[in-house]
Amino acid sequence: MSAQEEDDLKPSTTPGYKVGAAKTTEEYAKLDANDESLARWKASLGVVPGTTNEASGPKLTVLSLELDSPTLPAGKTIAFDLKDTARLADTKKNPIIIKEGVEYNVRISFVVNHSIISGVRYIQVVKRAGLKVDKMEQMLGSYGPAPDGKPYIKNFEPEESPSGLVARSGTYHVRSRVIDDDGEVYADRTKNRPLARGDITPKQATLFLGAQLAAGLGVLVQLNWNRCESLGCPEYLLTPFICFPSILLGLSSMSVVTIYPLMKRFTDWPQAVLGLAFNWGAFLGWSAVGEIVDWSVCLPLYAGGLCWTLVYDSIYAHQDKLDDVKVGIRSTALLFAENSRAILSALSASSLSLISFAGYLNAQGEAFYMGVGLAALQLSRVLYQTNFDSRTSCWKGFVGCGWAGFWVWMGALGDYILLMS
């Protein structure tokens with residue numbers, strides 16, 4: 001999502017209003033315990049002393065959105081089950097047609113899974129040709145888990161669809177969000193990705209993946225098939241651990257690449273598996289250029305790259321953590337939780353230490369270590385500034401981590417230029 005789209009969906013604020021500190025359901029139950037009318041109201045929300053319904057995962061789940069209008073046949077509504085991804089994808093291809101100038105209203109149903117949520121509001125932005133033409137913001141209120149377990153239903157004030165000459169020739173894009181006073185967004189970002197929102201089909205995505213793999217194979221087969229015999233190595237060194245043909249070394253990375261998407265369902269460490277795949281170039285690059293892999297240098301370089309991947313991809317995963325909980329996706333963002341800053345700081349220090357150690361073993365010069373130093377400053381800035389509960393901040397932090405890699409690369413390049421001069 002662009003920064004402009006994020007700004008469009010920000011809720012309005014009241015000057016001077018500050019959100020109070022978060023409280024547990026038990027704490028709410030004990031507040032003003034002697035006020036009988038307030039106690040009855042809290043009891044209607046299931047908030048009574050002894051309540052222990054605090055839990056992890058999303059506090060609120062939006063079940064459906066409906067459009068109702070007096071112009072529809074009696075008893076008919078246009079409903080969207082947000083769990084029906086196939087129907088949502090089909091709606092992208094076959095958008096709903098609304099007549100100009102008709103009255104309609106939005107209805108939303110949701111359940112509160114646990115805790116007390118305050119200031120929940122629905123925000124809807126309508127755009128045409130990329131320009132915002134309307135924004136609706138409706139307060140839903142404050143809720144606790146329904147005692148009977150039934151969903152809450154909220155009907156919004158009627159709206160009127162655009163009318164006039166411009167409206168007749170226009171296609172509108174509607175984006176909505178449900179957010180609370182704490183800034184927690186409920187299922188918004190992931191559905192805007194090309195595959196999830198129906199811009200491309202699974203078949204098209206598979207064809208694109210095939211094209212990418214074919215292009216990668218085309219590059220790979222250009223690399224040298226080196227053998228230890230050409231270097232005069234003794235026969236006992238002819239093992240895949242000492243001198244491995246570059247093409248086979250590249251192909252061997254496919255095992256890790258293939259299992260990575262599945263790891264999100266089976267382990268809390270899919271980012272580590274991604275690191276194993278992404279940093280394979282430490283071996284392949286050395287093999288392609290140096291003819292055999294210097295494992296004493298490449299292994300610490302590979303481990304340093306793995307730690308770096310854990311840093312930037314954990315920050316990236318924090319963007320999706322609310323949606324991931326709902327669909328059973330696991331990640332280091334959820335695993336590290338409130339300890340993310342401390343753990344990622346330790347991983348950053350490990351990454352730069354291992355990369356520096358690899359540079360020492362390879363006799364790198366001062367320029368290389370200057371690059372590592374700038375990378376350390378960059379990662380420190382990212383980890384200090386990133387708000388792990390803000391998608392916008394996490395995206396900036398993710399991009400910022402890339403600049404850390406840029407400075408390491410610039411240091412190595414500067415070192416090489418000085419060596420060649």
Side-chain angles (χ1 to χ4, degrees), residues 1 3 6 56-58 182-190 192-193 196 253 256-282 300-356 372 374-409:
M1 185 191 301
E6 189 68 36
S56 60
D182 295 326
E184 186 166 346
V185 178
Y186 301 97
D188 171 78
R189 179 176 179 271
T190 304
N192 199 41
R193 290 176 177 167
S253 69
V256 187
V257 173
T258 302
I259 66 172
Y260 163 65
L262 304 176
M263 292 299 99
K264 296 183 177 184
R265 295 286 184 182
F266 299 106
T267 177
D268 293 322
W269 294 88
Q271 282 68 32
V273 182
L274 180 69
L276 293 174
F278 266 19
N279 296 286
W280 206 263
L301 180 62
Y302 181 68
L306 171 60
C307 291
W308 179 47
T309 303
L310 278 165
V311 174
Y312 66 72
D313 203 51
S314 294
I315 294 175
Y316 187 91
H318 270 282
Q319 299 176 103
D320 294 328
K321 59 187 176 183
L322 297 178
D323 291 340
D324 287 349
V325 169
K326 298 175 185 178
V327 294
I329 297 296
R330 300 162 70 176
S331 72
T332 50
L334 295 172
L335 177 65
F336 298 162
E338 66 274 5
N339 298 315
S340 289
R341 200 178 312 277
I343 294 174
L344 296 184
S345 296
L347 285 169
S348 296
S350 299
S351 173
L352 296 175
S353 297
L354 287 162
I355 291 172
S356 297
V372 173
L374 290 172
L377 291 174
Q378 175 65 9
L379 286 177
S380 297
R381 185 185 69 85
V382 166
L383 292 172
Y384 177 76
Q385 294 182 347
T386 299
N387 176 0
F388 294 105
D389 292 323
S390 166
R391 284 171 169 163
T392 302
S393 181
C394 287
W395 174 254
K396 290 180 180 178
F398 169 72
V399 174
C401 286
W403 283 101
F406 170 79
W407 288 120
V408 173
W409 180 80

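Both backbone and side-chain heavy atoms feed into the values below; hydrogens, waters and symmetry mates do not.
Side chains of Cys307 and Leu354 form a contact here, defined as non-hydrogen atoms less than 4.5 Å apart. A heavy-atom distance below 4.5 Å is not found between the side chains of Asp320 and Ile329. Contact check for Tyr316 versus Asp313: side-chain heavy atoms found under the 4.5 Å cut-off.
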Go through the steps for Val311 and Val382 under the test side-chain contact (heavy atoms from CB on, under 4.5 Å), then give the verdict. CA-CA 10 Å; Val311 174; Val382 166; over 6 Å; no

Does Leu344 form a side-chain contact (heavy atoms from CB on, under 4.5 Å) with Leu379? I'd like the steps, not just the answer. CA-CA 10 Å; Leu344 296 184; Leu379 286 177; over 6 Å; no

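Not one N or O on the side chain of Lys321 forms a donor-acceptor pair closer than 3.5 Å with the backbone of Ser331. Not one N or O on the side chain of Asn387 forms a donor-acceptor pair closer than 3.5 Å with the backbone of Ser393. At least one donor-acceptor pair under 3.5 Å links the side chain of Gln271 to the backbone N or O of Thr332. In terms of modelled atom types and a separation under 3.5 Å, the side chain of Ser351 and the main chain of Gly304 share a donor-acceptor contact.
Identified under the side-chain hydrogen bond (donor to acceptor under 3.5 Å, both in side chains) test for residues 338-349, with sequence neighbours left out: His318-Ser340. Among residues at least two apart or in separate chains, ring-ring contact (aromatic ring centres under 6.0 Å, His included) pairs with a member in residues 256-278 are Trp269-Phe336.
Ring geometry, Trp395 versus Phe398: the interplanar angle falls from 30° to 60°, so the pair is classed tilted.
Looking at every heavy atom in both residues, Arg391 comes nearest to Gln319 through NE-O, 2.7 Å. Considering all non-hydrogen atoms of both residues, Ile355 and Val408 come closest at CG2-CG1, 4.2 Å. Nearest heavy atoms, Trp308 versus Ala404: NE1-CB, 4.3 Å.
The SG atom of Cys401 sits 9.5 Å away from atom CZ of Arg381, with the distance rounded to the nearest 0.5 Å. Rounded to the nearest 0.5 angstrom, Asp324 CG and Arg330 CZ are separated by 12.0 Å.
When the options Leu310, Leu383, Leu352 are evaluated for a side chain to side chain contact (heavy atoms under 4.5 Å, CB included) with Leu347, the one that passes is Leu310.
In this structure, the side chain to side chain contact (heavy atoms under 4.5 Å, CB included) partners of Ala282, at least two apart in sequence or on a different chain, are Leu301, Tyr302.
Few gaps surround CH2 on Trp280; more than 12 heavy atoms of other groups in view lie less than 6.0 Å from it.
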